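Below is one structure; the comments refer to it alone.
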Amino acid sequence: MAITEHRDIEKGDNKGLEDLVEPLVDNKSKNNNVEDRNDSMSMVLISTAVAVCGSFEFGACVGYTAPTQSAVVADLDLSVAEYSLFGSIVTIGAMIGAVTSGRIADTIGRKGAMALSSIFCIAGWLAIFFAMGAYSIDTGRFFTGYGIGIFSYVVPVYIAEISPKELRGGLTTLNQLMIVTGSSVSFLLGTVVSWRTLALEGLIPPVCMLVGLMFIPESPRWLAKVGREVEFNHSLRKLRGTKANISAEADEIHETIVTLQSLPKARLMDLFDAKYIKAVIIAVGLMVCQQSGGINGIGFYASQTFETAGFSSGKVGTILYALIQIPVTIVGMILMDKSGRRILLLVSSSGTFLGCFLAGTSFYFKDQGIFIEWVPFLAASGVLIFIAAFSIGMGAVPWLIMSEIFPLHIKGAAGSLVVLVNWLGAWVVSYSFNFLIVWSPAGTFWLFSGFCIATIVFVAKLVPETKGKSLEEIQATINS
């Protein structure tokens, strides 16, 4: 009889089962657990919201120059070379910030690194606001660049380290979305406020972050790494709920730290070992492809590009540029785990080629004095196609692939090299763009379109598909 009843329950006949179980369950305890989970989830979301203030600041800083170029040049009487230095020096600061960010975040913690970044950004924006000449405005731009260079590393790391594993992917993608949002907001606000007012508005994200950091926990993984066990347990409980069983996750974190500490320390020269060189070529190559397509030149000086094409004001084009970035970036995030990384890169680079080719052709028509009425339309279409195509793949996918193709023990050294190459490429493009436009607008965009074709070939020949593969499977694919 007992066996029969057991089989009935397994088959789904649970009549009377509630009567057996419910008296043993404390409804008040169940309600408390639900409330505790909700409170812990709220803390994760609040902590993420504070962290992505840094991502928003990143975008706001990058987007600052596009709508303000004409006004800054006129008010401060800057030459092409001086404004090019102002626009591009942010990448030099970011390069230094990114390279030093890992050591800073490991020394003073994730919260400490974000606070330091905020202070640099505040100092930078104030220097820009009060600037009366090239030196002070360049100093401010460099400071904001250094701040966002640290943000570019520490924000996604902090979010990944505090998030439950089932939410980690979705919350981490907010970093890229908020960068694009910050850039778009700068573009839009820059069309209606002065460049000094826009600099003041750049203060809002870092100030909000400094206030928010007082109320959110430090990364439990960093606390465990530096041996602060009491604070580690307090932080993990605050993020998971005071009544949650955190023992399994705590053990997993400690095991991961022990494993990482047992791995050999990778040096820069180790990256050129035969086992890793192909992964290095893929990651570095993708960053070169990302920057050589012209994103930082086109993005930094979008307003001037539209004016060069014949618009009476670059504001309309800049507004359209801003509005298109956010929805297309969201589409790219959705497609990343559905269509795969490689196909997104191929579609994206094909679109950036088409955008640059159309823009170049429009400027060629203008130089030749033919189809003049089509020039503004073709130029705007080309730039908007370019930014839409870039946002759907080439913006985020190279960073994702970089995080997937390197073995755990060389990720630090490889990441430093790749970030350095990326920011160096950003500086070269953003500094040279204005000089190239003076030389030949058509030639500039056709040059970028040529690099986009090279990107298509590079992805087709060398970049593997990493969607749905384990680290070991990715390594086998790369080394086959």
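It should be emphasised that the depicted structure is a prediction, and the values quoted were computed from it without experimental measurement.
- Residues Phe120 and Tyr146 bring their aromatic ring centres within 6.0 Å.
- Residues Thr197 and Ser194 bring a donor and an acceptor atom of their side chains to less than 3.5 Å of each other.
- Between Asn175 and Ser55, the closest heavy-atom pair is OD1-OG, 2.5 Å.
- Side-chain N or O atoms of Arg110 include none that pairs as donor or acceptor with a backbone N or O of Glu218 at under 3.5 Å.
- By the 4.5 Å heavy-atom criterion applied to side chains, Ile128 and Tyr64 are counted as neighbours.
- With Ser183 contributing its side chain and Ile179 its backbone, the two residues share no donor-acceptor pair below 3.5 Å.
- Using modelled atom types, one side-chain atom of Arg342 and one backbone atom of Val463 make a donor-acceptor pair closer than 3.5 Å.
- In this structure, Met43 and Ile162 have side chains that are not in contact, with every pair of non-hydrogen atoms separated by 4.5 Å or more.
- Taken from CD1 in Ile387 to CZ in Phe390, the straight-line distance is 6.5 Å, to the nearest 0.5 Å.
- In this structure, CG in Asp138 is found 5.0 Å from CD1 in Ile89, a value given to the nearest 0.5 Å.
- The closest donor-acceptor contact from the side chain of Ser152 to the backbone of Gly149 lies under 3.5 Å.
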- Message: Applying side chain to side chain contact (heavy atoms under 4.5 Å, CB included) to Val90 and Ile148, what does each step give before you reach the verdict?
- Response: CA-CA 9 Å; Val90 67; Ile148 67 172; 4.1 Å; yes

Compile the donor-acceptor pairs under 3.5 Å between side chains in residues 280-298 and protein atoms, sequence neighbours left out, one pair per line.
| from | atom 1 | to | atom 2 | distance (Å) |
| --- | --- | --- | --- | --- |
| Gln290 | OE1 | Asn422 | ND2 | 2.6 |
| Gln290 | NE2 | Met394 | O | 2.9 |
| Gln290 | NE2 | Gly395 | O | 3.1 |
| Gln291 | OE1 | Asn296 | ND2 | 2.5 |
| Ser292 | OG | Val288 | O | 2.9 |
| Ser292 | OG | Cys289 | O | 3.4 |

- Message: Thr455 vs Phe458, test: side chain to side chain contact (heavy atoms under 4.5 Å, CB included). Steps then yes/no.
- Response: CA-CA 5 Å; Thr455 298; Phe458 179 83; 5.5 Å; no

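- Considering only heavy atoms from C-beta on, Cys356 stays 4.5 Å or farther from Leu447 through its side chain.
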Side chains of residues 202-209: which donor-acceptor partners sit under 3.5 Å, not counting sequence neighbours?
none

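- Note on ring orientation: taking the six-membered ring where Trp is involved, the planes of Phe433 and Tyr301 are parallel (angle under 30°, cut-offs 30° and 60°).
- Distance alone, capped at 3.5 Å, places no donor-acceptor pair between the Trp423 side chain and the Ile92 backbone.
- In this structure, the side chain of Lys111 engages the main chain of Ile216 through a donor-acceptor pair within 3.5 Å.
- Across every non-hydrogen atom of Ala51 and Val155, the tightest pair is O-CG2, 3.4 Å.
- Taking both residues in full, the closest heavy atoms of Pro164 and Val44 are given as CD-CG1, 4.0 Å, listed atom of the first, atom of the second, then distance.
- Checking side-chain atoms of Arg221 against main-chain N and O of Ile257 turns up no donor-acceptor pair under 3.5 Å.
- For Glu229, there are no salt bridge (Lys or Arg N to Asp or Glu O under 4.0 Å) partners at least two apart in sequence or on another chain.
- Contact record, Ala105 with Trp222: O-NE1, 3.5 Å, taken as the closest heavy-atom pair.
- In this structure a side-chain-to-backbone donor-acceptor pair under 3.5 Å is missing from Thr144 to Gly124.
- Shortest non-hydrogen contact noted between Ala81 and Tyr431 is O-CE1, 4.2 Å.
- The local environment of NE2 in His254 is crowded, with over 12 non-hydrogen atoms from other residues, nucleotides or ligands closer than 6.0 Å.
- Taking all atoms of both residues into account, the shortest heavy-atom contact from Ser101 to Tyr153 is OG-CB, 3.1 Å.
- Separating the CZ atom in Phe187 from the CG atom in Leu198 is a distance of 10.5 Å, to the nearest 0.5 Å.
- Not counting sequence neighbours, Arg141 has no partner by the salt bridge (Lys or Arg N to Asp or Glu O under 4.0 Å) test.
- Rounding to the nearest 0.5 angstrom, the gap separating the CD atom in Glu82 from the CD1 atom in Ile137 is 10.5 Å.
- Under a cut-off of 6.0 angstrom, the local environment of CZ in Phe435 is crowded, with over 12 non-hydrogen atoms contributed by other residues, nucleotides or ligands.
- Looking at Ser348, its side chain does come within 3.5 Å of a backbone N or O of Ala389 through a donor-acceptor pair.
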- Message: Set out, in order, the CA-CA distance, both residues' side-chain angles and the distance that settles side chain to side chain contact (heavy atoms under 4.5 Å, CB included) for Val52 and Phe151, then state yes or no.
- Response: CA-CA 9 Å; Val52 296; Phe151 279 141; over 6 Å; no

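- Between Ser339 and Leu344, some side-chain heavy-atom pair lies under the 4.5 Å cut-off.
- Taking the six-membered ring where the residue is Trp, the centroids of Phe86 and Tyr83 are separated by under 6.0 Å.
- Not counting sequence neighbours, the partners of Glu231 by the salt bridge (Lys or Arg N to Asp or Glu O under 4.0 Å) test are Arg228.
- Residues meeting the ring pair (Phe, Tyr, Trp, His ring centres under 6.0 Å) test with Phe445, sequence neighbours left out: Phe363.
- To the nearest 0.5 Å, atom CG of residue Asn233 and atom CG of residue Leu223 are 10.0 Å apart.
- Taking CG from Leu126 and OG from Ser136, the interatomic distance works out to 12.5 Å, rounded to the nearest 0.5 Å.
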